[in-house]
Novice: 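Mind having a look at this structure? Questions to follow.
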Amino acid sequence: MKKITELLETRIAEAINEVSGVDAPALVRPAADAKFGDYQANGVMAAAKQVKTHPRQLAEKVVAAMDISDICQPPEVAGPGFINLRLTDGFLAERLLGMHRDAERLGIDRAEMPQTVVVDYSGPNIAKQMHVGHLRSTIIGDCIARLYDFSGHNVIRQNHIGDWGTQFGKVILALWHLCMARKVHKSPYYEDDLKAIDSNKENTNKLYEICVQIRNRHNEDYLNDQVEEFGDANKIFGPFLDKLDTIIDDVWPDILKAYQFVNLLDEILIGMDLSIITRQKGDDKWEPVEIPYENLTRKITAMLQIGGQDNQQEVDAWGLIREKTMQHCEDIYHDLNVTLEHPRDTRGESYYNPVLPDVVTTLKSKGLAVESEGAMCVFPEGFTNKDGQPLPFIIQKSDGAFLYATTDLAALRFRLDELKAERVIYVTDARQALHFQMLFAAAKMAGWVDERITLEHVTFGAMLGADGKPFKTRTGGTVKLKDLLDEAIERAKGVVETKNPDLPAEQKAAIAKAVGVGAVKYSDYANNRNSDYVFSFDKMLAMDGNTAPYMQYAYARIKSIERKAAGKDVDIAKELDGIAALPLAEPAEKDLAKLLVRYDQAIAAAMAECRPNYLTGYLYDLAQAFSRFYTACPVLTAEPQHRPARLLLCDLTARTIRHGLSELLGIEVVEQM
RNA sequence: GCGCUCGUAGCUCAGCAGGAUAGAGCAUCGGUUUCCUAAACCGAAGGUCAGAGGUUCGAGUCCUCUCGGGCGCGCCA
């Protein structure tokens, strides 16, 4: 079915054109206040301005010229020139029956012109657990993908994981430490070092002392690990890597700790002026070389990115780590009910690595990439730095390494050329806005993007703690997504336990999960994505207000009615099957009905601006209207002439809530709670 | 310095190409249960939409300036 606003829009715009001769949109909106009717057309006033006439008079003429009697009661002109519209009972009933007939899609049409849409979201990093910083991208992106999917577009999800770049070296180094800790020192020294560094962060002298010890041990272990030639690692590290695939599950938690250690060390070392021995290729063989300690991970990264036979072992280890990380992410996606599937939707930075040189050569040959201060840069128009100079989009560092700008260019080109994307939506936090502006500008300069293609950066703000500062654990660490979800589920479990203690344990656990995870997701969706928002378990798990539990509760109440029907000799299927007329006498019935027929519009609004909160706002209005209806209008005990209509309202409300929550937001509904 | 973004009730937030008297929830005060889940519903109170100009028949929304918060601005992602 066509959207009601669209139907009215077309008819009224025609009338405006007929009367005034201008092509002005009718601007049909749901009425600001129910007392003005159901919808209002605001476009006449603008049209009147164009033809320089009195808006009210023009509105009267438009009303006289238009024929919408099959949809609305006779319209009224109000205020400076609003046209107020009230649906006829017959039309409203017909819409509800239309939704009833097409129960799967609730009567909502697919897009007339399906597009291929790439949605880039989530993007976790390798060798790290997902943390709260990944939550918003993951679920907002997922909602956008689901919306486009439902509308009949060809959606290609892309999980652009961080599996290349500096982490590469860090992970290998973490593995190395893990290996030495186990094989040589027989103790997880990295854990002790981690603690020591943490507790001496303020004490520079002590910190330096610790780092010197770490460096000395590191050097010693490195020099000790060779069989034939310098630094061949064939004595200790090599054999360890060879059997890594058989022990990866066991050592995984330790790898993460060692990785944390390497990360922290990387930060701390800056400015300490400590050096470390590593190797570099001489004429023909490896030679020792001393480099600044803080450069070590970058050095390893650079070596490994060169690849080749020398590094095959490490590359394989890398692959293992990557798959292991993705397993963890998949678990989270499963818990979050997110539609990303590995490996189908995974194309990370490493995927584009082979074509990065070509990206640079191509841009060079087009004269777009030029050398500046040793780095290859594109200078898109209109971007300046603090000194008013053209701002570079750096695609190759002076040491020859590539950056995320290069990878993003390669990925964009791939999505346009190979995936045939007509729309590419990037879901990342707002801090990257400048990067994407420049990325899009550079791609356009390169001629990769024609006018039919839309590139979109969907931004979002930060998650804050109760203190208004970035959301962290009590000790200041990042909050792991897994822990966050577990706590939400645990809290929800407590509520279920007090409210409904008699349910079977298994069912209580399922409810707790649906409510807990749903609450976390919903509270994020319900905020305007651009604002930073304050994370609060108490608020998101409240039964009052715009929350997942409130919505789930409304759904559960309807399901409860359905369960009770049999006991009261009501055959719902039979009553709905033959339904033809819908006498909606009670105000609460009508209010609910009028909201039900607006679901399509809510979806369209949410999609147009990639704003899930338009959808949650609608669902909340709907659930509220249902709760009022539920209080005011008995269903099962209603008079026989009223009951089928009420059963239909219940059924459509349940379907709409379930569709909105479960299909579009990925939030589970429950039969009981 | 330039750019992006935000500033709406005591608190947390909505407000969908400018539209009628700016809305929720929490907190506060009051009411509703022999009846399908009261995890609910109804009502009261609460606002100079940061401030000042401007455009417009009409501005929380658009423009200019000011104040305040967050973020970004050459080799991290």
Side-chain angles (χ1 to χ4, degrees), chain A residues 25 27 29-33 36 40 42 45-46 48-49 54-55 78-82 84 123 125 162 165-167 349 372-377 383-389 391-399 401 403-405 407-408 428-435 437 459 461-462 464 468 470 495-496 498-500 526-528 530-534 536 538-539 542-547 549-550 552-554 556-558 560-565 567-568 570 601-602 604-606 608-609 611 613-614 616-618 620-621 624 627-628 630-632 634-638 650 672-673:
Chain A
L27 301 179
R29 304 282 136 80
D33 191 316
F36 299 132
Q40 59 184 58
N42 301 333
M45 290 168 284
K49 189 148 100 185
H54 291 117
F82 299 102
N84 288 337
N125 289 323
T166 49
Q167 300 98 306
E349 293 171 346
S372 165
E373 295 175 31
M376 287 307 297
C377 307
F383 297 91
T384 51
N385 66 12
K386 345 184 175 190
D387 308 318
Q389 301 301 309
L391 189 63
F393 192 57
I394 302 176
I395 58 174
Q396 188 170 23
K397 305 202 304 193
S398 46
D399 66 2
L403 304 96
Y404 78 132
T407 314
D408 275 347
T428 81
D429 69 277
R431 288 176 305 187
Q432 298 187 47
L434 183 61
H435 167 72
Q437 280 178 31
T459 58
L464 308 176
V495 181
V496 180
T498 55
K499 301 291 182 188
N500 230 333
N527 279 281
N528 181 328
N530 274 324
S531 17
D532 296 345
Y533 88 100
V534 177
S536 158
D538 291 334
K539 289 210 170 72
M543 298 303 302
D544 302 309
N546 192 2
T547 66
Y550 180 85
Q552 288 164 320
Y553 178 62
R557 282 173 133 187
I558 301 174
S560 178
I561 292 176
E562 291 175 7
R563 278 194 303 277
K564 294 264 161 73
K568 303 207 175 184
V570 177
Q601 218 232 334
E609 295 186 41
R611 285 183 195 275
N613 67 312
Y614 288 172
T616 58
Y618 166 82
Y620 180 51
D621 288 344
Q624 270 187 316
S627 288
R628 290 186 193 116
Y630 181 90
T631 307
V635 178
L636 297 176
T637 55
C650 285
Q672 275 177 275
M673 63 184 281

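This is a predicted model, so every value here is computed, not measured. By convention in this document, chain letters (A, B, ...) are assigned in the order of the sequence lines, proteins followed by strands, and residues within each chain are numbered from 1.
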Novice: To the nearest Å, how far apart are A:Gln624 CD and B:G43 C1'?
Specialist: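 Going from CD in A:Gln624 over to C1' in B:G43 covers 15 Å.
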Novice: For B:C2 versus B:G10, give the span between their C1' atoms, rounded off to a whole number of Å.
Specialist: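 Approximately 37 Å lies between the C1' atom of B:C2 and that of B:G10.
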Novice: If I pick the P atom on B:A17 and the same atom on B:C11, what distance separates them, to the nearest angstrom?
Specialist: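 Rounded to whole Å, the distance is 28 Å.
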Novice: Return yes if the base of B:A39 and the side-chain atoms of A:Tyr553 contain a donor-acceptor N/O pair under 3.5 Å, otherwise no.
Specialist: no
Novice: Say you pick atom P in B:G15 and the same atom in B:A20; how far apart are they, in whole Å?
Specialist: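 Each nucleotide's P atom is 16 Å from the other's.
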Novice: Examine distances only and state if a side-chain atom of A:Thr631 and a backbone atom of A:Ser627 form a donor-acceptor pair shorter than 3.5 Å.
Specialist: yes
Novice: Would the distance check show the side chain of A:Gln40 and the main-chain N or O of A:Ala32 forming a donor-acceptor pair, the cut-off being under 3.5 Å?
Specialist: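 Yes; at least one donor-acceptor contact below 3.5 Å.
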Novice: Judged by each residue's nearest nucleotide on RNA chain B, which is more toward the 5′ side, A:Arg557 or A:Asp399?
Specialist: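 Upstream on the strand: A:Arg557.
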Novice: Taking the P atom in each of B:U34 and B:A27, what is the distance between them to the nearest angstrom?
Specialist: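 Each nucleotide's P atom is 25 Å from the other's.
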Novice: Can you tell me the distance, in whole Å, between the CD atom of A:Gln389 and the C1' atom of B:C73?
Specialist: 13 Å
Novice: In the strands shown, is B:C29 matched to any nucleotide by a Watson-Crick or G-U wobble pair with both distances under 3.5 Å, and which?
Specialist: B:G43
Novice: Say we look at B:U61 and B:U55: how far apart would their P atoms be, to the nearest angstrom?
Specialist: 15 Å
Novice: For A:Met673, which contact category applies under a 4.0 Å heavy-atom criterion: base, sugar-phosphate, or nothing?
Specialist: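 Base: the residue A:Met673, judged by heavy atoms under 4.0 Å, touches a nucleobase.
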Novice: For A:Arg29 and B:G58, what is the distance between atoms CZ and C1' respectively, to the nearest whole Å?
Specialist: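 Rounded to the whole Å, the gap is 15 Å.
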Novice: Is a donor on one side and an acceptor on the other found under 3.5 Å between the side chain of A:Asn500 and the backbone of A:Met673?
Specialist: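 It does hold such a pair.
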Novice: Near A:Arg431 CZ, under 6.0 Å, is it more than 12 heavy atoms from other residues, nucleotides or ligands?
Specialist: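 Not buried by this count: 12 neighbours or fewer within 6.0 Å.
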Novice: Determine the interatomic distance between C1' on B:A59 and the same-named atom on B:G19; round to the nearest Å.
Specialist: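 Per the computed distance, 10 Å lies between those C1' atoms.
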Novice: Does any N or O donor sit under 3.5 Å from an N or O acceptor when you compare the side chain of A:Asn84 with the base of B:A20?
Specialist: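 By the distance-only test, yes, there is a pair.
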Novice: In terms of ring plane angle, is the pair A:Tyr620 and A:Tyr550 parallel, tilted or perpendicular, where the classes change at 30° and 60°?
Specialist: perpendicular
Novice: Using the rule for Phe, Tyr, His and the six-membered ring of Trp, do A:Phe82 and B:G19 stack at under 5.5 Å and under 30°?
Specialist: no
Novice: In whole angstrom, give me the gap between the P atoms of B:U66 and B:G1.
Specialist: 10 Å
Novice: With syn defined as a glycosidic angle within 90° of 0 and anti as the rest, where does B:G74 land?
Specialist: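 Classified syn.
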